[in-house]
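Written out below as structure tokens is the structure these notes cover.
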Amino acid sequence: MIKREKIKELLAATAFNREVSVMGWVRTFRNNQFIALNDGSCMGNIQVVVNFNNTPEELLKRITTGAAISVKGTLIESLGKGQRVEVKASSIEILGDSDPERYPLQPKKHSLEFLREIAHLRFRTNTFNAIFKVRHALAFAVHQFYNERGFVYMHTPIITASDAEGAGEMFRVTTIDPENPPRTTEGKIDYNEDFFGRSTNLTVSGQLEGELAAMAFGQIYTFGPTFRAENSNTTRHLAEFWMIEPEVAFADLEDNMKLAEDMLKYLIRYALDNCGEELEFLNTRLLEEEKSKPQHERSELSLIDKLNFCLNNDFEHLTYTEAIAILKASKPNQKKQFKYLIDEWGADLQSEHERYLVEKHFKKPVILTDYPADIKSFYMRQNEPDDQGRKTVAAMDILFPGIGEIVGGSQREERLDRLTQRMRDLNIPEEELWWFLDTRRFGSAPHSGFGLGFERLVLFVTGMTNIRDVIAFPRFPRNAEF
RNA sequence: UCCCGAAUAGCUCAGCCGGUUAGAGCAUCUGACUGUUAAUCAGAGGGUCGCUGGUUCGAGCCCAGCUUCGGGAGCCA
């Protein structure tokens, strides 16, 4: 029996007139003769040539779009134009039929909206083949980047009992019978009777546990699923998404920003170096897509140019206070074109402001630092008040064109008294986070970390615009299909 | 959750001022052709016009509510 060869290898083959075996799924069957066969090993198809004169009618009828077939034949230089090699079939076996009346994928362009409804089949399109190859490459590169730098990959828990982190609404994890829950004497649901003996949730972040490990290993990262039960209906939020969270001891905000920028550039370079075919395809796809848009909405750079631009330029560093000054003096603010006008220091930046800074003013990735303490989390390190007595924290957000916030991080507050004071101010119960505070009690040290939304990175690198298209089976409000 | 828009054949869409039997391209099926490249040519089948109610002699079209989808905002990664 001949060993099955992958189409990717056959398309690159130089030795002809040899017997080969290929298996794959039919993309199209033209002229009763030419099968475009794809096995997922690459985006390209191999052409299988069938001699319909000596092939039974019943077999030819079963070579339909989507069918899985096994082909044995001779690899030859193509007799026709349009492809270099083809397989002259000597025998074809149908492995799995595909009813053409019911198979939803046609050899034509489908809308992303339609493909989202058939997410179980959309992997079979070139677009999603490319997206998920890039996603794979980026995930692999994340591990390679941190491994090369001696980071330890930590698996932080997915089920957590702490609800104090404040990153968002949480999904409850329980085995309690919702029809008949155990009650306390006051009539409330008694979580002492629950599986863990307490109320538990799906994690919204591995950061707090990551800090514990960083205070022993020095440098760690997490890369796992994260859950937010926010009723977010946008092109850049998911209820279940993957997050990368490095945490580094003895590192300040500068080190943190450097790590983040190095990582993003490393990942983008890895994709460019390893997913050339896929990015070329996505680049062309995007150009086609843009043709239907009015001139002013089209992007100035193509996808690949944009990625290279990102690699070859330093990210813009900017404090919140400097950003406010730029925004205050900006044309849209002066002409009152912003929906939310900038007048006071202390207000949170709206996405229109972030977009202005990134896409109009600097036209490159921006790292915003030193936000007002009042709009940031309790664990961020408190800076000394400025000459006007304004309080800020050592936070940094990285903003990307078209995506917005892709990284959020900070130097952590390592001083126990400052941390607990802030927790009291925000009504965060200290007793629940006793283990977290222990890091500040026993050998506390400066440390920093950040979170990178993996899907947002995949969005940027693939040039896709809806986050639901860069994760296999997106989870969002009112949708958990597949 | 809020604002805006959309929902008509398997897919992408047209459907005029509310008026006879709701159309096109692609896909599918049948036949022809047989070195095609989203093959081509000829023909055929395919519709509870998202759902519920209302206005009207008459509703795909107007109104209300609901559902779902898309874009934007908020929450954030």
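In the text below, chain A, chain B and the rest are named by the order of the sequence lines, each starting its count at 1.
- In this structure, L79(A) reaches the bases: a heavy-atom distance under 4.0 Å links it to at least one base atom across the strands shown.
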Would you tabulate the nitrogen or oxygen pairs shorter than 3.5 Å linking the protein to nucleotides 26-32 of chain B?
| residue | atom | partner | partner atom | Å |
| --- | --- | --- | --- | --- |
| rA27(B) | O4' | Q106(A) | OE1 | 3.4 |
| rU28(B) | O2' | E101(A) | OE1 | 2.8 |
| rU28(B) | O2' | E101(A) | OE2 | 2.9 |

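- Rounded to a whole Å, the CD atom of E247(A) is 14 Å from the P atom of rA77(B).
- E352(A) comes within 4.0 angstrom of nothing in the nucleic acid, heavy atoms only.
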Check nucleotides 67-70 of chain B against the protein and report each pair of N or O atoms closer than 3.5 Å, with its distance, or say if there are none.
| residue | atom | partner | partner atom | Å |
| --- | --- | --- | --- | --- |
| rG70(B) | OP1 | R116(A) | NH1 | 2.7 |
| rG70(B) | OP2 | R468(A) | NH1 | 3.2 |

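- rU55(B) and rC62(B) have their C1' atoms separated by 8 Å, given to the nearest Å.
- Among residues at least two apart or in separate chains, salt bridge (charged side-chain N to carboxylate O under 4.0 Å, His left out) pairs with a member in residues 451-462 of chain A are R135(A)-E455(A).
- Residue S351(A) is in sugar-phosphate contact alone, with no base atom involved, counting any heavy-atom pair closer than 4.0 Å across all strands shown.
- For a distance-only test at 3.5 Å, the side chain of E86(A) qualifies as a donor-acceptor partner of the base of rG35(B).
- Remark: the separation of the C1' atoms in rA39(B) and rC26(B) is 14 Å, to the nearest Å.
- With R84(A) contributing its side chain and L11(A) its backbone, the two residues share a donor-acceptor pair below 3.5 Å.
- Comparing the P positions of rU28(B) and rC66(B) gives an interatomic distance of 41 Å, to the nearest angstrom.
- Here, rC29(B) and rC16(B) have their P atoms 33 Å apart, quoted to the whole Å.
- In terms of phosphate contacts, S111(A) brings a side-chain nitrogen or oxygen within less than 4.0 Å of OP1 or OP2 of rU12(B).
- Between the side-chain ring of F454(A) and the base of rA77(B), no stacking contact exists by the 5.5 Å and 30° definition.
- Seen from the ring of F145(A), R149(A) counts as a face-on cation partner, given the 6.0 Å and 45° thresholds.
- For the pair K306(A) and F460(A), the distance from NZ or CZ to the six-membered ring centre is under 6.0 Å and the angle to the ring normal is within 45 degrees.
- For E289(A) and R285(A), the salt-bridge test passes: some basic side-chain N is under 4.0 Å from an acidic carboxylate O.
- Note on L457(A): nothing from the nucleic acid sits closer than 4.0 angstrom, heavy atoms only.
- Consecutive pairing runs in RNA chain B reach the stem threshold at B:1-7 with B:67-73, B:10-13 with B:23-26, B:28-32 with B:40-44, B:50-54 with B:62-66, where a stem means at least three Watson-Crick or G-U wobble pairs with distances under 3.5 Å.
- Annotation: rA24(B) and rA14(B) have their P atoms spaced 16 Å apart (nearest Å).
- Side-chain N/O atoms of N231(A) include one lying less than 4.0 angstrom from OP1 or OP2 on rU1(B).
- Residue R30(A) places no side-chain N or O under 4.0 Å from the OP1 or OP2 atom of rU36(B).
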Check nucleotides 2-5 of chain B for protein N or O atoms closer than 3.5 Å to its own N or O atoms and list the pairs.
none

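- Listed candidates were rA77(B), rA73(B), rG35(B). Nearest to the side chain of R456(A) is rA77(B).
- At whole-Å resolution of the value, CG in L121(A) and C1' in rC11(B) are 14 Å apart.
- Comparing the P positions of rG60(B) and rU21(B) gives an interatomic distance of 11 Å, to the nearest angstrom.
- As rounded to the nearest Å, rU48(B) and rC61(B) have P atoms that lie 16 Å from one another.
- Put simply, S78(A) has no side-chain N or O that comes within less than 4.0 Å of OP1 or OP2 on rG35(B).
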Listed pairs under 3.5 Å, donor-acceptor, residues 48-56 of chain A side chains, sequence neighbours left out:
| residue | atom | partner | partner atom | Å |
| --- | --- | --- | --- | --- |
| N51(A) | OD1 | N53(A) | N | 3.0 |
| T55(A) | OG1 | N51(A) | O | 2.6 |

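- Two rings, from H353(A) and Y340(A), have their centers 6.0 Å or more apart.
- Aromatic rings from F309(A) and F400(A) are positioned such that their centres are separated by 6.0 Å or more.
- In this structure, Q350(A) reaches the sugar-phosphate backbone alone: every heavy-atom distance under 4.0 Å involves primed, P, OP1 or OP2 atoms, never a base.
- Residue F34(A) is in base contact, counting any heavy-atom pair closer than 4.0 Å across all strands shown.
- Salt-bridge check for R381(A) with D252(A): failed, with every basic side-chain N at 4.0 Å or more from each acidic carboxylate O.
- Under the 6.0 Å cut-off for aromatic ring centres, Y153(A) and Y146(A) do not qualify, their centroids lying 6.0 Å or more apart.
- Across T319(A), N383(A), T321(A), T369(A), a single residue satisfies side chain to side chain donor-acceptor pair (under 3.5 Å) together with T392(A), and that is N383(A).
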